[in-house]
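This is a predicted model, so every value here is computed, not measured. Only this structure's heavy atoms are used, side chains among them; waters, hydrogens and symmetry mates stay out.
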Amino acid sequence: MAATTLNQSVGTLRSCRVNGNSGLCPDYGHVSFRPVSKGFKVDVGLLRGGSFCSRKTSTCVIQASASQATVFDEASAPSSATTSDSNKKTSEAALILIRHGESMWNEKNLFTGCVDVPLTNKGVEEAVEAGKRISNIPVDMIYTSALIRAQMTAMLAMTQHRRKKVPTIIHEESEQAGAWSQIFSEDTNMQCIPVVTAWQLNERMYGELQGLNKQETADKYGSEQVHEWRRSYDIPPPNGESLEMCAERAVAYFTEHIEPQLASGKNIMIAAHGNSLRSIIMYLDKLTSQEVISLELATGIPMLYIFKEGRFIRRGSPPAPTEATVYAYTKKLAQYRQKLDDMFE
């Protein structure tokens, strides 16, 4: 695997092949990125996509420079010299998906659904760890479900972000709630990240199973019946939602409210639930109903997508800070990380 040193004053890293064991470059490239004394060091190789990812291989050219890409705060604002060039290019945005950390009913092995229960200590730790994994990825807006376990996960994750902006929940439940939660300092407002809560991103409603012990329910109704309720696409539990019904509301909300923000270049984080996120991933990755029911999402592990030229490119889970490789998924994210290094180190 080749390694190339890139000085901040030099504009181009030429003809890089990308490796699935490293990070990722703009289209399908995977790149290992780390600061060195006079700039960046980037290791490159060849990527082949896996399950639910592109199965293409690719050779690409990576360009990097000391000027910064367009984002929504000073950590990644464009320099005057590159503004006109960046405006000519198609906007690119990061989409981070996080399933909430372990809840108190997860710990007790109870069907939770839309019952509003908080995180366990383990869930808090998972949320903090998720935040460390995304601490170098820009976040301009956050969407969560209306349930506290997802909101806790989002808030705790952002305590680890190097930018140190403060997530603030937007209250629109009444005119008075909106008025009373206004921020009257422009400087303070610039250091906040708006958090939008939406019931459409809630976990699927488990109906008459909510609050029941999963093992006891399997003993009562039979494991095959409970498996059908939990893992089929279009069969709901008694008086509850199927995954198909959950997908109808979650995907409709995503396409109407979140996708336009991504199209405008804003970087978005969604903290939600296994089934609402499974539904959104089904839309992003164009999965079939049979593929989506076998999709498993671990609690507290973020998933990164890049939205570019009207399509979603799945980039997998960012590594933990203790892991050897730091990922530069695109030139824009590499520049954002370098700007953070310049600001805070």
Side-chain angles (χ1 to χ4, degrees), residues 71-73 75 93-107 112 114-173 177-178 180-183 185 187-203 250 253-254 257-258 261-262 266-277 280 297-305 317-318 320-321 336 340 344:
V71 294
F72 293 88
D73 61 52
L95 171 64
I96 302 166
L97 307 179
I98 304 178
R99 183 186 175 191
H100 65 81
E102 182 189 67
S103 76
M104 294 184 73
W105 276 17
N106 290 147
E107 183 182 46
T112 309
C114 288
V115 180
D116 207 1
V117 298
L119 301 180
T120 61
N121 287 336
K122 178 183 176 182
V124 169
E125 292 172 357
E126 288 176 333
V128 169
E129 177 63 23
K132 292 177 181 178
R133 289 174 179 265
I134 63 168
S135 63
N136 292 304
I137 301 173
V139 177
D140 300 309
M141 290 187 69
I142 299 171
Y143 288 85
T144 79
S145 74
L147 302 175
I148 192 64
R149 58 192 186 271
Q151 295 175 23
M152 289 177 69
T153 299
M155 297 299 194
L156 289 165
M158 291 309 297
T159 65
Q160 303 302 304
H161 201 280
R162 294 176 66 196
R163 193 64 188 83
K164 298 302 180 185
K165 286 194 169 186
V166 178
T168 55
I169 294 178
I170 304 302
H171 287 281
E172 296 181 336
E173 57 268 31
W180 283 17
S181 61
Q182 288 185 78
I183 298 170
S185 166
D187 289 342
T188 300
N189 199 49
M190 289 292 292
Q191 296 303 314
C192 294
I193 298 176
V195 181
V196 179
T197 63
W199 68 267
Q200 293 92 333
L201 299 176
N202 282 9
E203 179 59 282
Y253 184 86
F254 180 88
H257 296 279
I258 301 175
Q261 298 288 353
L262 291 162
K266 289 189 177 180
N267 303 288
I268 304 296
M269 181 173 82
I270 303 174
H273 308 266
N275 284 295
S276 54
L277 290 177
I280 291 171
L297 300 177
T299 56
I301 301 295
M303 179 70 68
L304 176 66
Y305 286 80
S317 178
Y336 181 81
L340 292 177
F344 301 116

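- With sequence neighbours left out, the side-chain contact (heavy atoms from CB on, under 4.5 Å) criterion links Glu125 to no other residue.
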Go through Thr120 and Glu102 one step at a time and tell me if the side chain to side chain donor-acceptor pair (under 3.5 Å) criterion holds. CA-CA 6 Å; Thr120 61; Glu102 182 189 67; 2.7 Å; yes

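- Considering every non-hydrogen atom in both Leu119 and Gly101, the closest pair reads CD2-O, 3.2 Å.
- Note: Leu277 CG to Ile98 CD1 = 9.5 Å, rounded to the nearest 0.5 Å.
- With sequence neighbours excluded, the residues satisfying side-chain contact (heavy atoms from CB on, under 4.5 Å) with Met141 are Tyr143, Pro194, Val196, Gln261, Lys266, Ile268.
- With sequence neighbours left out, the side-chain contact (heavy atoms from CB on, under 4.5 Å) criterion links Ile301 to Arg133, Ala298, Ser317.
- For the pair Ser103 and Arg149, the tightest heavy-atom approach, listed with the atom from each and the gap, is CB-CD, 3.8 Å.
- Atoms CD1 and CZ, from Ile193 and Arg163 in turn, are 9.0 Å apart once rounded to the nearest 0.5 Å.
- Glu126 contributes no side-chain N or O that, together with a main-chain N or O of His100, makes up a donor-acceptor pair within less than 3.5 Å.
- Remark: Ile169 engages Gln151, Met155, His171, Val195, Thr197 in a side-chain contact (heavy atoms from CB on, under 4.5 Å) (not counting sequence neighbours).
- The backbone N or O of Leu297 sits less than 3.5 Å from a side-chain atom of Arg99, completing a donor-acceptor pair.
- In this structure, Asn267 contributes its side chain and Ala94 its backbone to a donor-acceptor pair below 3.5 Å.
- Residues that satisfy the ring pair (Phe, Tyr, Trp, His ring centres under 6.0 Å) test with His257, not counting sequence neighbours, are Tyr253.
- Taking each heavy atom of Leu340 and Ser135 in turn, the nearest pair found is CD1-O, 4.0 Å.
- Atom OG1 in Thr159 sits 7.0 Å away from atom NZ in Lys164 (nearest 0.5 Å).
- Interatomic distance, Ile280 CD1 to Leu97 CG, rounded to the nearest 0.5 Å: 6.5 Å.
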Please step through side-chain contact (heavy atoms from CB on, under 4.5 Å) for the pair Ile270 and Phe254, ending with a clear verdict. CA-CA 10 Å; Ile270 303 174; Phe254 180 88; 3.9 Å; yes

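- Contact check for Gln160 versus Val128: side-chain heavy atoms found under the 4.5 Å cut-off.
- Distance check: Leu147 CG to Glu203 CD gives 8.5 Å after rounding to the nearest 0.5 Å.
- Ser181 meets the side chain to side chain donor-acceptor pair (under 3.5 Å) test with no other residue; sequence neighbours excluded.
- Of the possible polar contacts, none joining the Ser145 side chain to the Asn202 backbone as a donor-acceptor pair under 3.5 Å is found.
- Here the closest heavy-atom approach between residue Ala271 and residue Ala154 is recorded as CB-CB, 3.8 Å.
- Taking all atoms of both residues into account, the shortest heavy-atom contact from Ala272 to Ala150 is CA-CB, 4.1 Å.
- In this structure, CZ in Arg162 is found 5.0 Å from CG in Asn136, a value given to the nearest 0.5 Å.
- Surrounding CG of Asp116 are more than 12 heavy atoms belonging to other residues, nucleotides or ligands, all under 6.0 Å away.
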